[in-house]
Amino acid sequence: MVRTTVQELAAAVEEPPRQYLVHERDQDHLLAADEMPDPIPLVDLGRLMTADEAHKLREALQTWGLFLVTNHGIEESLMDAMMSASRDFFRQPSEEKHKCSNLIDGGKHLEVEGYGNDKVVSPQDQGLSWNDRLHLRVEPEDERNFAKWPTHPESFRDVLLEYASRTKRIRDLILRSIAKLLDLDEDYFVNQISNKARGFARFNYYPPCPRPDLVLGMRPHSDVGLLTILFVDHNVGGLQVERDGKWYNVPAKPYTLVINLADCMEIMCNGIFMSPVHRVVTNAEKERLSLAVFYVVDGETVLEPAPGLLDDKRPPRYGKFKAKDFGLSFD
């Protein structure tokens, strides 16, 4: 069994199937983003030791839960190569892409890794996301399943391995910077990452959509892990973040990254810094590509607010539990 991809659907239909339409209650102002109350901070990672950049990082985490990053140590040439390899993969014939399929057992079941799209549980499903994606494990190194990695373009594996090595450095730099902002030991959050902690690269392909007023590229959600490092095709926007019940466009700036906190970090920060709800809107004219690298904790990791953030005036806002009992899959 091979499911129809959104890419194939976009080329074949004039109106999206009903399962992709958002609920009527959510259709009003789907594309009308609100005017920003203040810009999303652009943080220079090379200057994070300075008071000005640390202040911008704190402001971003307190107000948006995400921020833009420049001077991050990933060369423009590597970013170009990564985006080019991603585009080449999605432009292959369907049968080539399905060699990396996330379907197993003759198409009866899905696994996390591989190429595919939203799982359709029943014909009544509604609000499916208008995207196809390639989901690959990059951490731990000894658990990479290269059978799911594309062999075309030939450069794909080497480019992703190099790119993922850079985002891992960025992850640790950001986690240490957040610990400093909270007056915790610099390595507090880094030490929560065991050698079994997961890292996933998800390549997202959003084809043009004939009804961007009725269909979302990605449904509203927050990320489950520690943090997410997002590289967006700078020619096409679409990412929106929710703040105080309103939706705002996240700027797509060339060669910048977008970094957002995820749910496990919110818990460990005792809610001082929040995991933002975000979504992706569709575009009637242009395709859109992005690469999100998600870092999560090992399922055996105990999640709880950092003890250094608790006292008589700051009680814990979250309980204590293992990550695998969070009600989410970390596999």
Side-chain angles (χ1 to χ4, degrees), residues 41 43-62 65-67 69-74 137-143 161-201 223-230 257-276 292-311 314-326 330:
V43 176
D44 182 338
L45 285 197
R47 300 181 63 247
L48 260 183
M49 298 296 290
T50 68
D52 286 348
E53 294 304 306
H55 174 76
K56 282 199 287 185
L57 178 60
R58 179 187 295 276
E59 181 183 34
L61 294 173
Q62 288 179 329
L66 56 73
F67 51 99
V69 163
T70 187
N71 198 13
H72 42 63
I74 305 179
R137 182 176 298 182
V138 293
E139 294 288 338
E141 291 183 15
D142 61 355
E143 293 185 21
L161 289 175
E162 182 61 29
Y163 184 86
S165 73
R166 306 299 182 86
T167 58
K168 187 176 180 180
R169 292 180 211 165
I170 294 170
R171 176 199 71 183
D172 291 349
L173 175 60
I174 295 298
L175 292 179
R176 289 189 171 102
S177 298
I178 293 174
K180 287 182 186 177
L181 291 177
L182 296 172
D183 293 324
L184 298 172
D185 180 86
E186 182 181 28
D187 288 325
Y188 178 81
F189 296 120
V190 172
N191 288 341
Q192 308 306 309
I193 303 173
S194 73
N195 59 5
K196 289 294 182 183
R198 308 287 201 259
F200 291 97
D223 296 338
V224 300
L226 288 169
L227 54 80
T228 303
I229 300 174
L230 179 68
L257 300 172
V258 180
I259 298 180
N260 65 267
L261 291 195
D263 298 343
C264 293
M265 272 298 286
E266 177 179 324
I267 292 168
M268 290 191 285
C269 291
N270 202 33
I272 295 172
F273 300 144
M274 306 293 284
S275 170
V293 181
F294 302 93
Y295 288 105
V296 303
V297 293
D298 173 36
E300 295 298 321
T301 298
V302 175
L303 294 175
E304 63 177 327
L309 300 177
L310 306 178
D311 54 35
R314 299 181 300 176
R317 299 173 65 179
Y318 306 89
K320 180 178 180 179
F321 46 86
K322 285 188 176 182
K324 66 181 181 183
D325 298 326
F326 199 16
F330 287 80

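These figures come from a predicted structure and were not determined experimentally.
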Next on the checklist: Determine whether a donor-acceptor pair (N or O, by modelled atom type, separation under 3.5 Å) exists between the side chain of Thr301 and the backbone of Val297.
Outcome noted: no
Next on the checklist: Under a 4.0 Å threshold between the charged nitrogen and the carboxylate oxygen, would Asp325 count as salt-bridged to Lys322?
Outcome noted: no
Next on the checklist: Are Leu175 and Tyr188 packed together at the side-chain level, in the sense that at least one heavy-atom pair is separated by less than 4.5 angstrom?
Outcome noted: no
Item to check | Among Ile259, Asp52, Leu45, Leu48, the one residue meeting side chain to side chain contact (heavy atoms under 4.5 Å, CB included) with Leu57 | outcome: Leu48
Checklist entry - What are the two closest non-hydrogen atoms of Ala201 and Val138, and how far apart are they? => result CB-CG1, 4.0 Å
Checklist entry - So do Pro140 and Asn195 actually touch side chain to side chain, heavy atoms under 4.5 Å? => result no
Checklist entry - Would Lys196 and Glu300 pass as an ion pair if we require N to O under 4.0 Å? => result no
Next on the checklist: Minimum heavy-atom separation for Ala60 and Pro41, please, with both atom names.
Outcome noted: CB-CG, 3.6 Å
Checklist entry - Do Leu257 and Thr167 have side-chain heavy atoms sitting under 4.5 Å apart? => result no
Item to check | Evaluation steps, side chain to side chain contact (heavy atoms under 4.5 Å, CB included), between Ile267 and Phe326 | outcome: CA-CA 11 Å; Ile267 292 168; Phe326 199 16; 3.6 Å; yes
Checklist entry - Would you call Glu53 and Lys56 a salt bridge, taking side-chain N to carboxylate O under 4.0 Å as the test? => result yes
Checklist entry - Ignoring hydrogens and geometry, is there a side-chain-to-backbone donor-acceptor pair from Asn270 to Pro315 under 3.5 Å? => result yes
Next on the checklist: Please evaluate residues Arg171 and Arg176 with respect to the criterion side chain to side chain contact (heavy atoms under 4.5 Å, CB included), reporting the C-alpha separation (whole Å), side-chain torsions for both, the decisive distance (0.1 Å), and the verdict.
Outcome noted: CA-CA 9 Å; Arg171 176 199 71 183; Arg176 289 189 171 102; over 6 Å; no
Next on the checklist: To the closest 0.5 Å, what do you measure between CZ (Phe189) and CE (Met268)?
Outcome noted: 6.0 Å
Checklist entry - Are any side-chain N or O atoms of Glu266 and backbone N or O atoms of Gly271, one a donor and one an acceptor, separated by less than 3.5 Å? => result no
Checklist entry - Where do Cys269 and Leu182 come nearest, in terms of heavy atoms and distance? => result SG-CD1, 3.8 Å
Next on the checklist: Using every non-hydrogen atom in the two residues, find where Ile193 and Ala197 come nearest and quote the distance to one decimal.
Outcome noted: CG2-CB, 3.4 Å
Checklist entry - From Asp263 CG over to Ser275 OG, what is the distance, rounded to the nearest 0.5 angstrom? => result 4.0 Å
Item to check | Derivation of the side chain to side chain contact (heavy atoms under 4.5 Å, CB included) call for Asp183 and Leu309 | outcome: CA-CA 8 Å; Asp183 293 324; Leu309 300 177; over 6 Å; no
Next on the checklist: Within this structure, what is the CG-CD distance for the pair Asp187 and Gln192, rounded to the nearest 0.5 Å?
Outcome noted: 10.5 Å
Next on the checklist: Measuring from atom OG of Ser165 to atom CD1 of Ile74, what distance do you get when rounded to the nearest 0.5 angstrom?
Outcome noted: 8.5 Å
Checklist entry - With Asp142, which residues qualify under side-chain hydrogen bond (donor to acceptor under 3.5 Å, both in side chains), at least two apart? => result none
Item to check | Step-by-step side chain to side chain contact (heavy atoms under 4.5 Å, CB included) determination, Val258 to Phe67 | outcome: CA-CA 6 Å; Val258 180; Phe67 51 99; over 6 Å; no
Next on the checklist: Between Arg198 and Glu139, does any side-chain N to carboxylate O distance fall below 4.0 Å?
Outcome noted: no
Next on the checklist: Within this structure, what is the CD1-CG distance for the pair Ile272 and Leu61, rounded to the nearest 0.5 Å?
Outcome noted: 11.0 Å
Checklist entry - Could you give the distance from CD1 (Ile174) to CZ (Arg169), rounded to the nearest 0.5 Å? => result 14.5 Å
Next on the checklist: Looking at every heavy atom in both Pro276 and Leu261, which two are closest together, and how far apart are they?
Outcome noted: CD-O, 3.4 Å
Checklist outcome for this item: Correct closest heavy-atom pair for Val224 and Ala262 would be C-CB, 4.0 Å
Item to check | Residues in side-chain hydrogen bond (donor to acceptor under 3.5 Å, both in side chains) contact with Asn71, at least two apart in sequence or another chain | outcome: Asp44
Next on the checklist: Tell me whether Asp311 contacts the main-chain N or O of Arg314 through its side chain, where contact means a donor paired with an acceptor under 3.5 Å.
Outcome noted: yes
Item to check | Test item: Phe273 and Gln62 side chains (from C-beta on) under 4.5 Å apart, heavy atoms | outcome: yes
Checklist outcome for this item: With Tyr295 as partner, the option from Ile229, Ile170, Thr228 fulfilling side chain to side chain contact (heavy atoms under 4.5 Å, CB included) is Ile229
